[in-house]
*Asks:* 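Okay, handing you the structure first.
Proteins come first, then strands; the chains are lettered A, B, ... in the order of their sequence lines, and each starts at number 1. No hydrogens, no waters, no symmetry mates; every other heavy atom, side chains included, goes into these values.
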There are 2 protein chains.
Amino acid sequence: MNKVNLKQLAKELNLSVSTVSRALRDSWEISTPTKQRVFDLAKKMNFQPNPYASSLRKHRSRTIAVVIPEVANNFFALAIKGIETIAREKGYHVLIYLTNEDGSEEMSVAANLQSGRVDGVILSMSGETGDVRHLMELQQRNIPLVFFDRVCDSIEAPKVVTNDYESGFVATEHLIKAGCQRIAHLTISMGLSISHKRMKGYTDALLRYDKPYEDTMIVHCEGSDEENFLKIRDLLASDQRPDGIFASVEMLAVQVYHACRELGLEIPRDVKVLGFSNLVTASLLSPALTTIAQPAYEMGKEAATILFRRLEKKYILTPDHRVILPARLEVRSSTL
Amino acid sequence: MNKVNLKQLAKELNLSVSTVSRALRDSWEISTPTKQRVFDLAKKMNFQPNPYASSLRKHRSRTIAVVIPEVANNFFALAIKGIETIAREKGYHVLIYLTNEDGSEEMSVAANLQSGRVDGVILSMSGETGDVRHLMELQQRNIPLVFFDRVCDSIEAPKVVTNDYESGFVATEHLIKAGCQRIAHLTISMGLSISHKRMKGYTDALLRYDKPYEDTMIVHCEGSDEENFLKIRDLLASDQRPDGIFASVEMLAVQVYHACRELGLEIPRDVKVLGFSNLVTASLLSPALTTIAQPAYEMGKEAATILFRRLEKKYILTPDHRVILPARLEVRSSTL
DNA sequence: AAATATTACGATAACGTTTTCGTAGAAAAC
DNA sequence: GTTTTCTACGAAAACGTTATCGTAATATTT
């Protein structure tokens, strides 16, 4: 019971292949009774058009790629969910590629996508990406690209982000108002748009509230979880220990908790902690973690919506279309 | 600078299309100098073979589908990561489909996959699936299927699971040994293999240790998070309150924490809690959550490995090949 | 009644690969 | 020197769709 195609349907119905094809696509060129005959037999024989033949002929695959640094992470998982939801609605298929925060993997994925396998790409940049030619080449091949969260400002493409600068500012301000005198900032790869902006928000808030900026309070966490843990532990064990920590990503906030536990520091008494995070368990941690929560699901949906709008040429949007969805500060006991 | 194909390469090189094609696939029929010329020009012109033409001709897409109920969930996210890792190694592409725990969505996805879009499918069943014809039809179409975690025992296909029965037993046993007299079990859709087996482990442990089995201690959590929360709260607020809770999935353990918080119950003093979970923050919760952690990443890798073995016809495995990876009990303060 | 338009369909050429088959020319065998 | 075997390539037919073009048979207009 295998592989029924147009030719077989046509023979069975005493019609030509082209007529059957058109009937199935509900063309006005085909009479209603003929269409009905075709529909009925197609259903009866469980005809499924070969997507590869169709894609080859139409130069459209109804497939998009999602390229992200990591999936075992609430933010990206939710974003995927948002993207998949919209894709499903639109009848598109979603290929997923994980770069593991590795710039060279991102490059090889992008190179691969030049084959025309997908109609469009939704991407969040990996941590270690230096040059971005691989992405520009996608654009040159007329493969629409939409960034989300970790965008690349030097490339003209729609971008879906949160208000990272403001969030960085608000986060720092919140720690200051909670009484912190020396606030550390844990950041990831500084090549990333988000790191940059969150950091700027941090420094501007320090400035605004006359708090000193200290180099030693900036910890670049670009290694493995273990390496980052050690860096954070060292920071907390130093005699210049911060009394507030602003973690720019979820995992770093988690490591702060582990480090405090190991060092016997009590949050928030000894050090107040705040982190970007979409942890569902934030409120259940000991103590509950104050977070900046990004609208990950909505960001995914928005990115997908923009991409499909481009693919279906519905609206023409400016090449540097930018959607900014606000993140929200959720105050909990780790900063009381 | 768009779309270079074999024909253009051939013309440029004064060769035939077939020669170029063979040269690129490193065929022994082509002389070394010719191959070199072809390779050089292909690289120079950045030739990327059209995957759809290739798939159409070869009847192989080098693409697999991953069908899962949910992604915003540590278990499934890690499994995806495992699958993607192996797929990348093998040069395969990964399509992702989320069924949102909805049987009818799973059916429509499966129906769609009959088109031959993918060479194989890795699937974890959705909660509400009743009949499984859509999956049998995949098999009939010669599309290999591998199950993981939530398997379907009535279908002959390789399965990658954890030792759910033993884990259910061990979990319950652990609660009993911790002094619990009345242990509740929170379960999801009882149509699922995992629910069934974990439940059996639970009841057998009760039997083994002469604890009474009570219907009211089984709570079927098949609704939304909110609905489940209410059910759990009711359970904990009843005068027949359990002193131990075994949650069969992560989210339910989280809801138990929320319910306890709302009711002012203290874990583990008033009620001990244990849950299946891959939460990275389990040890940071208040109190730290005792978990049964599944080797999600390894399960994903294993499922993918099995699928590719079938696709590449390397080894012939029995149709009901079953890999059981052990989950591990991680005792923390919620059951002390 | 002739000319024109419309309806409903068929033949066929793409799309870009891979593969089967065939064959010049060189090398080897006799 | 003739036959046979390789070697290295080309022509062409697939794969299953969709799109272009053409055309019988009606229907409509003049």
*Asks:* Where the side chain of A53(B) is defined as all heavy atoms beyond and including C-beta, which of dT17(D), dG10(C), dG16(C) is the nearest nucleotide?
*Replies:* dG16(C)
*Asks:* Let me know the distance between CZ of R117(A) and C1' of dG16(C), rounded to the nearest Å.
*Replies:*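 About 14 Å, once rounded to whole Å.
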*Asks:* Map K35(B) and H59(B) onto DNA chain D by nearest heavy atom, then report which one ends up closer to the 5' terminus.
*Replies:* K35(B)
*Asks:* At 4.0 Å (heavy atoms only), tell me whether S54(B) reaches a base, stays on the sugar-phosphate, or touches nothing.
*Replies:*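 Since only primed, P, OP1 and OP2 atoms lie under 4.0 Å of S54(B), the category is sugar-phosphate.
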*Asks:* Could you tell me how far apart Q8(B) (CD) and dT17(C) (P) are, to the nearest whole angstrom?
*Replies:* 9 Å
*Asks:* Rounded to the nearest angstrom, tell me the gap between atom CZ in R37(A) and atom P in dA8(C).
*Replies:* 14 Å
*Asks:* Find the distance F47(B):CZ to dT17(C):C1' and express it as a whole number of Å.
*Replies:* 8 Å
*Asks:* Expressed in angstrom and rounded to an integer, what is the separation of D26(B) atom CG from dT18(C) atom P?
*Replies:* 13 Å
*Asks:* Taking the minimum atom-to-atom distance to the side chain of S31(B), which one of dT17(D), dC9(D), dG16(C) wins?
*Replies:*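 The nucleotide sitting nearest to the side chain is dC9(D).
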*Asks:* Would you call the rings of F76(B) and F148(B) parallel, tilted or perpendicular, where under 30° means parallel and over 60° means perpendicular?
*Replies:*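 Correct class here is perpendicular.
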*Asks:* Rounded to whole Å, how long is the line connecting atom CG of L24(A) with atom C1' of dA19(D)?
*Replies:*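 From L24(A) CG to dA19(D) C1': 16 Å.
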*Asks:* May I ask you to test the K90(B)-I64(B) pair for a side-chain heavy-atom distance under 4.5 Å?
*Replies:* no
*Asks:* So which nucleotide from dT18(D), dG16(D), dG10(C) ends up closest to the side chain of K58(A)?
*Replies:* dT18(D)
*Asks:* Less than 4.5 Å apart, any side-chain heavy atom of L41(A) and any of R37(A)?
*Replies:* no
*Asks:* What nucleotide, of dG10(D), dT18(C), dC21(D), holds the atom closest to the side chain of L6(B)?
*Replies:* dT18(C)
*Asks:* Rounded to whole angstroms, how far apart are NZ on K7(B) and P on dT18(C)?
*Replies:*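 Rounding to the nearest Å, NZ of K7(B) and P of dT18(C) are 15 Å apart.
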*Asks:* Taking atom types as they are modelled, is there a donor-acceptor pair under 3.5 Å from the base of dG16(D) to the side chain of R57(B)?
*Replies:* no
*Asks:* Please answer whether the main-chain N or O of N50(B) pairs with a side-chain N or O of S54(B) as donor and acceptor at a distance below 3.5 Å.
*Replies:* no
*Asks:* Is T34(A) side chain donor-acceptor paired with the dA8(C) base, going by distance under 3.5 Å alone?
*Replies:*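 No, the side chain and the base share no sub-3.5 Å donor-acceptor pair.
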*Asks:* Any salt bridge linking R150(B) with E101(B)? Criterion: basic side-chain nitrogen under 4.0 Å from a carboxylate oxygen.
*Replies:*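 Here R150(B) pairs with E101(B) in a salt bridge, since their nearest N and O are under 4.0 Å apart.
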*Asks:* Can you tell me how far P of dG10(D) sits from CG of N14(B), to the nearest Å?
*Replies:*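 Answer to the nearest Å: 9 Å.
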*Asks:* Under a 4.0 Å N-O cut-off, is there an ion pair linking E84(B) with R88(B)?
*Replies:*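 A salt bridge links E84(B) with R88(B).
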*Asks:* When you measure from the side-chain N and O atoms of N50(A) to the phosphate of dG16(D), is any distance below 4.0 Å, counting only OP1 and OP2?
*Replies:* no
*Asks:* Record whether the side chain of S16(B) comes under 3.5 Å of the base of dA11(D) through a donor-acceptor pair of N or O atoms.
*Replies:* no
*Asks:* Give a yes/no answer on whether the side chain of R22(B) brings an N or O atom under 4.0 Å of OP1 or OP2 in dT19(C).
*Replies:* no
*Asks:* Nearest to the side chain of T19(A) - dC21(C), dG10(C), dC15(D)?
*Replies:*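 Nearest nucleotide to the side chain: dG10(C).
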*Asks:* Closest nucleotide of DNA chain D for L56(B) versus for W28(B): which of these residues is on the 5' side?
*Replies:*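 On the 5' side of the pair lies W28(B).
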*Asks:* Please tell me which of the listed nucleotides, dG10(D), dT17(D), dC9(C), lies nearest to the side chain of E29(A)?
*Replies:*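 So the nucleotide nearest the side chain must be dC9(C).
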